[in-house]
Amino acid sequence: MQKSKIFFLVGPTATGKSETAVYLAKKLKAEIVSCDSMQVYKKMDIITSAPSRQIIKKVRHHLLGIIPPEKEYDVSRYRRQAAKKIKEIIHRNKTPLFVGGTGLYMSILIDGIFKAKAQDESLRRRLYQQAQRLGSNYLHKRLNRFDPLAAKKIHPHDTRRIVRALEVFETTGKPISQLQKERKGLGNNYEIKIFCLNMPRDKLYQRIKERIEKMFKQGLLDEVKKLLRLKLSRTAHQAIGIKELKGYFTGQYDLAEAKRLMKHNTCLYAKRQLTWFRKDKRIKWIEAKQQDTPKAIATRIFSKI
RNA sequence: GCCGGGGUAGCUCAGUGGUAGAGCGGCGGCCUGAAAAGCCGCGCGGGGGGGGUCCGAUUCCCUCCCCCGGCA
């Protein structure tokens, strides 16, 4: 029996994935599934540049605005929900088209994740306190005794990963480096095709800056003001723009500085996204040229399928 | 035209007679339950042009060009 196909359209932020995806979805008879760690949140449409209503009207979209911003979200939840969407979409005789910029989410979906218990909050808190008191190097040395392989891979300053590795060891009794080898994703069950949209760096940064200006025109300040009244979850709080505008609202700097910070941090983010995607050799790269419309790009992608 | 200050990394600037640094920016990488996060690495330079002194000049001297301030 032939494997069903799943498509991914990924790429750094502000390359025009959402617009392109609509045209591509039409050609592929696809439904779009978001692959974005921030657009899962409600009430964050402007700050996350979520696809507009007009776009959503044209093609069915999934996993957008499904979580209240007070709630945490993570990869494993994403994986579960996305896997379910794949089944449903294929059942409807449609093709899943994943669109977004969160490389880890894509990777976990395709390549899998090891089974572990949900994070242990109190244990984590304890470990972070120790890290603060004794330094991340101390925890790293401890990790080195239980799981030298993981310790070798994780930098002694990378507190977050050291804590996770220790947490996994304490809750499962197994070294994370061993568990990480046990991953099973969807990659084997489906025919996967990944396209990454890209453009020259200076043009990309220019578009990012323009997009952020546009966000302000759309009412970003108002949206963020409302968000800051809520008790934002740790994960939702990470969206670029929250801490930058908080600094403005609390009078630490002016609006121009807040904008500058947002633009800068978004450019750095785009660079990190590219690093992630570059590593994945399955990806077919699509270079957007100066005059390319989303429709033209979609046509080009379709011709390569 | 005269006097003074300056021309060193993409930007703002240090420094030294012996193959140039810092901050900002930029670039590269890592990533398995926080990933729009977290972490790591890399000066990325024909020292404004030309000539001279010297074993050796970015640093000293001469000259030209450009910028800033003052006087005309």
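Owing to the predicted nature of the structure, the values given are computational and were not obtained by experimental measurement. Proteins come first, then strands; the chains are lettered A, B, ... in the order of their sequence lines, and each starts at number 1. Hydrogens, waters and symmetry mates are skipped; everything else that's a heavy atom, side chains included, is used.
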For A/T48, answer base if it contacts any base atom (sugar-phosphate contacts may also be present), sugar-phosphate if it contacts only those atoms, and nothing otherwise; contact means non-hydrogen atoms under 4.0 Å. base
To the nearest angstrom, the CE-C1' distance between A/M106 and B/U32 comes to 14 Å
Exercise answer: donor-acceptor pairs, residues 185-194 of chain A side-chain atoms, under 3.5 Å, sequence neighbours excluded:
from, atom 1, to, atom 2, distance (Å)
A/E191, OE2, A/K193, NZ, 3.2

For nucleotides 38-40 of chain B, give me every protein contact, N/O to N/O, under 3.5 Å, one pair per line with atom names.
from, atom 1, to, atom 2, distance (Å)
B/G38, O2', A/D158, OD1, 3.3
B/G38, N2, A/R161, NH1, 2.9
B/G38, N3, A/R161, NH1, 3.1
B/C40, OP1, A/H157, ND1, 3.0

After noting the C-alpha distance and the side-chain angles of A/R260 and A/E244, does the key distance pass the salt bridge (charged side-chain N to carboxylate O under 4.0 Å, His left out) rule? CA-CA 9 Å; A/R260 195 193 63 77; A/E244 290 84 351; over 6 Å; no
Are any of A/R201's side-chain N or O atoms less than 4.0 Å away from OP1 or OP2 of B/G28? yes
Spacing between A/I113 atom CD1 and B/C31 atom C1', to the nearest angstrom: 13 Å
Sequence neighbours left out, cut at 3.5 Å: what donor-acceptor pairs do the side chains of residues 173-182 of chain A make with other protein atoms?
from, atom 1, to, atom 2, distance (Å)
A/S177, OG, A/D147, OD1, 2.7
A/S177, OG, A/D147, OD2, 3.2

With a 4.0 Å limit, can you tell me whether A/Q180 has a side-chain N or O closer than that to the phosphate oxygens OP1/OP2 of B/U32? yes
Complement of B/C2, any strand, by Watson-Crick or G-U distances under 3.5 angstrom: B/G70
Residue mapping more 5' on RNA chain B - nearest nucleotide basis, A/K181 or A/T235: A/K181
Rounded distance (Å) that lies between atom P of B/C30 and atom CZ of A/F277: 13 Å
Could you pick out which residue, A/G112 or A/S49, lies toward the 5' side of RNA chain B when each is mapped onto its nearest nucleotide? A/G112
Under the ring pair (Phe, Tyr, Trp, His ring centres under 6.0 Å) test, which residues partner A/Y205, sequence neighbours left out? none
For B/G17, which nucleotide is its Watson-Crick or G-U wobble mate, given both distances must be under 3.5 Å? none
May I ask you to check whether A/Y269 and A/Q273 show a side-chain donor-acceptor distance below 3.5 Å? yes
Crowding at CD, A/Q132 (>12 non-hydrogen neighbours, <6.0 Å): no
Does a side-chain N or O from A/Y78 land closer than 4.0 Å to OP1 or OP2 of B/A34, or not? no
Taking only side-chain nitrogens and oxygens of A/K279, does any of them come within less than 4.0 Å of OP1 or OP2 of B/C30? no
Distance in angstrom units between A/E121 CD and B/G33 C1', rounded: 11 Å
For B/A35, does either OP1 or OP2 sit under 4.0 Å from a side-chain N or O belonging to A/Y105? yes
Check salt bridge (charged side-chain N to carboxylate O under 4.0 Å, His left out) between A/R92 and all other residues, then give those that pass, not counting sequence neighbours. A/E31, A/E88
Applying a 4.0 Å non-hydrogen cut-off, can you work out what A/I154 is touching in the nucleic acid: base, sugar-phosphate, or nothing? nothing
Rounded to whole angstrom units, what separation is found between the OH atom of A/Y269 and the P atom of B/A37? 7 Å
Just to be sure I understand the rule, does A/D36 reach a base, reach only the sugar-phosphate, or reach nothing, if contact means heavy atoms closer than 4.0 Å? base
Partner lookup for B/C42, please. Criteria are Watson-Crick or G-U wobble with both distances under 3.5 angstrom; report none if nothing qualifies. B/G26
Rounded to the nearest 0.5 Å, what separates atom OG in A/S4 from atom CD1 in A/I89? 11.5 Å
Rounded off to whole Å, could you give me the OH-to-C1' distance for the A/Y73 and B/A35 pair? 13 Å
Using a cut-off of less than 4.0 Å, is there contact between a side-chain N or O of A/H264 and OP1 or OP2 of B/G25? yes
With sequence neighbours left out, write down each residue that passes ring pair (Phe, Tyr, Trp, His ring centres under 6.0 Å) with A/F195, or none if nothing qualifies. none
Take the protein atom CH2 of A/W276 and the nucleotide atom P of B/C31, then report the distance between them rounded to whole Å. 7 Å
On a plain distance test, is the side chain of A/Y128 in donor-acceptor contact with the base of B/A34 below 3.5 Å? yes
Between A/L268 (CG) and B/G41 (P), how many Å, whole number? 16 Å
Would you say A/R164 places a side-chain N or O within less than 4.0 Å of OP1 or OP2 belonging to B/G33? yes
